[in-house]
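Let me begin by presenting the structure, written as structure tokens, before commenting on it.
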Number of protein chains: 2
Amino acid sequence: MKRIKMIDVARAAGVSAMTVSRALKRDGRISPETRRLILQKVDELGYVPDRLAGSFSSQKSGFVSVLVPSLNNPHFAETASGLQEILNPAGLQLLLGYTGYSAAQAEYLIEMMLERRPEALIVTYDSHTPKARKLLEQSGIPVVEIWEMPQHPIQHVVGFSNRKASAEMTAHLITSGRRNIAYIGECDDSGTRGAERRKGFRDAMRRAGLDPSRQVALAAPPINMMQGREALRTILERWPETDAIMCVSDPAAFGALTECRALGRRVPEDIAVAGFGDFEISRCSIPPISTIVVDALDIGRQTGQLVLRLLSEKTEQSVYLPIAARPEIRQSSG
Amino acid sequence: MKRIKMIDVARAAGVSAMTVSRALKRDGRISPETRRLILQKVDELGYVPDRLAGSFSSQKSGFVSVLVPSLNNPHFAETASGLQEILNPAGLQLLLGYTGYSAAQAEYLIEMMLERRPEALIVTYDSHTPKARKLLEQSGIPVVEIWEMPQHPIQHVVGFSNRKASAEMTAHLITSGRRNIAYIGECDDSGTRGAERRKGFRDAMRRAGLDPSRQVALAAPPINMMQGREALRTILERWPETDAIMCVSDPAAFGALTECRALGRRVPEDIAVAGFGDFEISRCSIPPISTIVVDALDIGRQTGQLVLRLLSEKTEQSVYLPIAARPEIRQSSG
DNA sequence: TTGTAAGCGTTATCAA
DNA sequence: TTGATAACGCTTACAA
């Protein structure tokens with residue numbers, strides 16, 4: 001009970017393997033009747049083409065590698081969906097890897113991925129080890145960094161400034177009259193998008209002549225709701241005068257909001273709360289949480305289209321596709 | 001500037017390609033000095049092995065395909081993490097596909113996946129088209145269904161009965177004195193885990209001689225928080241006597257809880273709420289939501305280990321690994 | 001411990 | 001429109 005090969009189909013149809021190969025890829029250079037006959041035989045025999053062999057022969061893997069910090073984050077999940085939506089119909093499959101926010105794991109995955117000869121590599125911005133960066137630079141394929149506009153891009157970028165967006169939201173809090181603003185962030189966040197957001201908070205506070213030192217970072221990325229709750233308690237113990245909280249992400253903000261409620265602090269009357277990312281929870285909570293809206297699905301689609309363009313055009317020039325990241329003011333920052 | 005091949009490394013080290021191949025796979029049958037020399041050359045030349053060629057030659061793809069309904073669901077994301085954690089160190093890479101809860105998309109993906117000659121196929125339980133089922137049955141590789149114990153398993157299973165778990169939680173609501181229990185579920189859910197949960201609700205209600213007909217299903221899977229809110233309003237309009245809500249998932253339950261608050265209904269005093277899945281939100285909300293706890297990470301790890309076993313043992317027998325799914329009672333069902 | 005030779009199943013290329 | 005032939009870069013199997 002051996003596996004059916006192309007040559008078996010060819011024999012059954014009384015043609016050569018090459019003709020079968022052509023029939024299977026709407027190549028044009030084949031007569032309609034021959035194709036019909038071949039497709040029928042393919043069906044009869046239950047032939048499944050071997051892309052391992054096909055990729056090897058054509059030297060095209062049909063893979064696009066994607067590295068994300070976590071799948072357990074609606075942002076990256078949506079971005080991956082957007083990518084799949086654009087790339088699958090073009091015959092490309094995603095090779096998805098999950099770094100767990102670890103630069104070492106990212107390096108390992110990049111190496112694993114490159115062995116599969118992907119046609120492009122998409123990496124979510126985060127710190128890279130020197131070796132990882134070198135691997136990316138010398139990969140010889142299009143590399144797209146997403147979800148941030150890095151200072152020193154490797155090649156192409158589809159992203160925005162997390163720092164600037166975070167600064168804008170902080171500025172909004174300041175404009176609406178808050179002065180004693182605290183920040184809930186992540187520790188060990190060097191090189192991450194979270195670190196950029198923290199810088200943005202500091203930028204805005206300094207610019208306004210306010211003290212940016214009220215910061216807590218209780219956990220490594222990604223900080224969760226419960227840690228947000230804990231962070232809020234810590235903040236109110238250390239800085240009881242706090243009248244607003246800027247958070248690295250919506251789950252943290254929701255945690256803070258929830259703890260405010262548990263402690264009897266009114267939001268936004270006593271304390272304003274703002275998050276980042278427009279997670280579902282920020283829309284559904286009471287009150288809804290002010291946040292930075294980023295269209296994660298769109299990042300995936302745009303990146304997918306960029307990859308298709310880069311693969312067909314062989315452009316040398318680096319592309320930067322800016323993505324909108326706009327503050328959306330909701331009741332929590334009243 | 002051509003890509004370095006194994007033969008190039010071999011020449012640089014003054015050995016044959018085969019020796020390089022051995023050096024790269026801790027094969028044992030090679031002298032330590034030779035290996036050291038070769039690894040040094042590999043490093044110098046920046047050689048990246050071509051697994052496309054390697055897989056083709058050895059007829060082992062090194063892939064394990066995984067189909068999940070959605071990445072944007074912490075359950076499947078964690079399961080994928082668990083799989084990656086176990087399979088990567090064994091030299092296997094995940095080929096992840098996202099069906100969007102669509103049987104047609106699943107069929108398409110299964111076909112795409114099989115062309116890559118994965119060594120095993122892991123599919124989250126959901127309805128399959130006849131063709132998809134046939135492809136799975138005839139794939140010739142281990143197939144593991146996860147996240148449910150199907151009536152007619154294809155081969156192996158790592159899962160639990162969503163129906164039974166849902167019935168248990170409903171029974172808890174009944175035991176604690178609720179009588180007019182409504183259900184928030186999903187429409188177009190035939191063959192999904194959500195449908196099993198709905199059946200479980202009905203089972204428990206009937207068993208207790210209660211009316212199971214209070215059901216709303218406003219959206220296709222996966223239902224979200226906002227739809228949970230809307231569903232609760234619908235329920236209270238239709239059946240004002242409702243004193244408990246059983247939900248297909250925690251996000252829906254949180255939506256219901258939130259809408260109760262917005263409408264001034266006390267939880268659990270006026271209405272009890274229960275969910276499914278132990279999502280973060282069910283622990284962090286006020287009050288915390290009673291839910292069915294399922295260890296998604298563990299499902300991934302167990303499945304990973306099962307796959308490794310199946311690949312080494314070549315067992316013919318079907319394996320069923322039961323996974324715990326226990327109700328955890330929290331304040332929301334007080 | 002190392003090397004040699006023969007594929008692995010497809011597609012590119014050129015010829016018919 | 002179709003076919004023959006030669007890769008593609010590595011690993012298996014066997015030999016030295």
Side-chain angles (χ1 to χ4, degrees), chain A residues 2-39 41-42 45-63 91 93 112 114-119 140-141, chain B residues 2-39 41-42 45-63 91 93 112 114-119 140-141:
Chain A
K2 282 178 57 190
R3 178 165 272 150
I4 307 293
K5 298 191 286 194
M6 191 178 270
I7 187 70
D8 301 319
V9 178
R11 291 210 184 98
V15 296
S16 73
M18 200 52 232
T19 304
V20 175
S21 176
R22 290 201 182 96
L24 288 172
K25 29 182 69 62
R26 19 202 122 304
D27 184 294
R29 310 183 167 286
I30 190 172
S31 79
E33 311 108 78
T34 314
R35 155 169 293 152
R36 208 158 22 76
L37 174 63
I38 290 174
L39 292 183
K41 293 295 175 191
V42 163
L45 297 172
Y47 170 64
V48 178
D50 186 337
R51 279 197 83 179
L52 231 49
S55 297
F56 174 55
S57 177
S58 65
Q59 293 296 89
K60 296 198 162 203
S61 67
F63 285 128
Q93 276 163 277
M112 299 272 283
L114 287 177
E115 296 188 355
R116 300 287 189 179
R117 299 283 183 261
E119 309 197 15
I141 54 175
Chain B
K2 283 178 56 190
R3 178 166 272 150
I4 306 293
K5 298 189 286 193
M6 191 177 270
I7 187 68
D8 300 319
V9 178
R11 292 212 183 96
V15 297
S16 73
M18 199 52 232
T19 304
V20 175
S21 175
R22 291 199 181 97
L24 288 172
K25 32 180 67 60
R26 23 201 118 306
D27 185 294
R29 308 182 168 288
I30 190 171
S31 80
E33 309 107 80
T34 314
R35 153 167 296 150
R36 209 159 20 77
L37 173 64
I38 290 174
L39 292 183
K41 293 297 175 192
V42 163
L45 296 173
Y47 170 63
V48 178
D50 186 336
R51 278 196 85 178
L52 230 51
S55 297
F56 174 55
S57 176
S58 65
Q59 292 296 89
K60 296 198 162 201
S61 67
F63 284 128
Q93 274 163 278
M112 298 272 283
L114 287 177
E115 296 189 353
R116 300 287 189 179
R117 298 284 184 262
E119 309 197 16
I141 54 175

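Residue numbering restarts at 1 for every chain, and letters A, B, ... go by the order of the sequence lines. If you're wondering where the values come from, they're calculated on a predicted model, not measured in any experiment.
Rounded to whole Å, atom C1' of dT11(C) lies 12 Å from atom NZ of K60(A). Rounded to whole Å, the distance from CD1 on I7(B) to C1' on dA7(D) is 16 Å. As rounded to whole Å, 10 Å separates atom C1' of dA7(D) from atom NZ of K5(B). Going from atom CZ of R29(A) over to atom P of dG3(D) covers 15 Å, rounded to whole Å. In this structure, the CG atom of L52(B) is 10 Å from the C1' atom of dG9(D), given to the nearest Å. Separating the CD atom of Q59(A) from the C1' atom of dG9(C) is a distance of 14 Å, rounded to the nearest angstrom. R51(A) has its CZ atom 18 Å from the C1' atom of dC8(C), to the nearest Å. Here the C1' atom of nucleotide dG9(C) and the NZ atom of K25(A) are 12 Å apart, to the nearest Å.
Proximity of S58(A) to the phosphate of dT11(C): no side-chain N or O atom is located under 4.0 Å from OP1 or OP2. Taking only side-chain nitrogens and oxygens, Y47(B) comes nearer than 4.0 Å to OP1 or OP2 of dC10(D).
Between the side chains of Q93(A) and R51(A), at least one donor N or O sits under 3.5 Å from an acceptor N or O.
Within 3.5 Å, a donor on the side chain of R22(B) pairs with an acceptor on the base of dG3(C), or the reverse.
With values rounded to the nearest 0.5 angstrom, M6(A) atom CE is found 13.0 Å from L45(A) atom CG. The CD1 atom of I141(B) sits 8.0 Å away from the OG atom of S61(B) when rounded to the nearest 0.5 Å. K41(A) NZ to R11(A) CZ: the interatomic distance, rounded to the nearest 0.5 Å, is 14.5 Å.
In this structure, of dG3(D), dC10(D), dT2(C), it is dC10(D) that holds the atom nearest to the side chain of D50(B). Comparing dT2(D), dC8(D), dT11(C) by their nearest atom to the side chain of T19(A) picks out dT2(D). Between dT2(D), dT11(D), dC8(D), one nucleotide has an atom nearer to the side chain of S31(A) than all others, and that is dT2(D). Picking from dT2(D), dT11(C), dT12(D) the nucleotide with the shortest atom distance to the side chain of S57(A) gives dT11(C).
The residue among T34(B) and F56(A) whose nearest nucleotide of DNA chain C lies closer to the 5′ end is T34(B). The 5' end of DNA chain D is approached more closely, in terms of each residue's nearest nucleotide, by V15(A) than by the other of A53(A) and V15(A).
Side chains of L39(B) and L24(B) form a contact here, defined as non-hydrogen atoms less than 4.5 Å apart.
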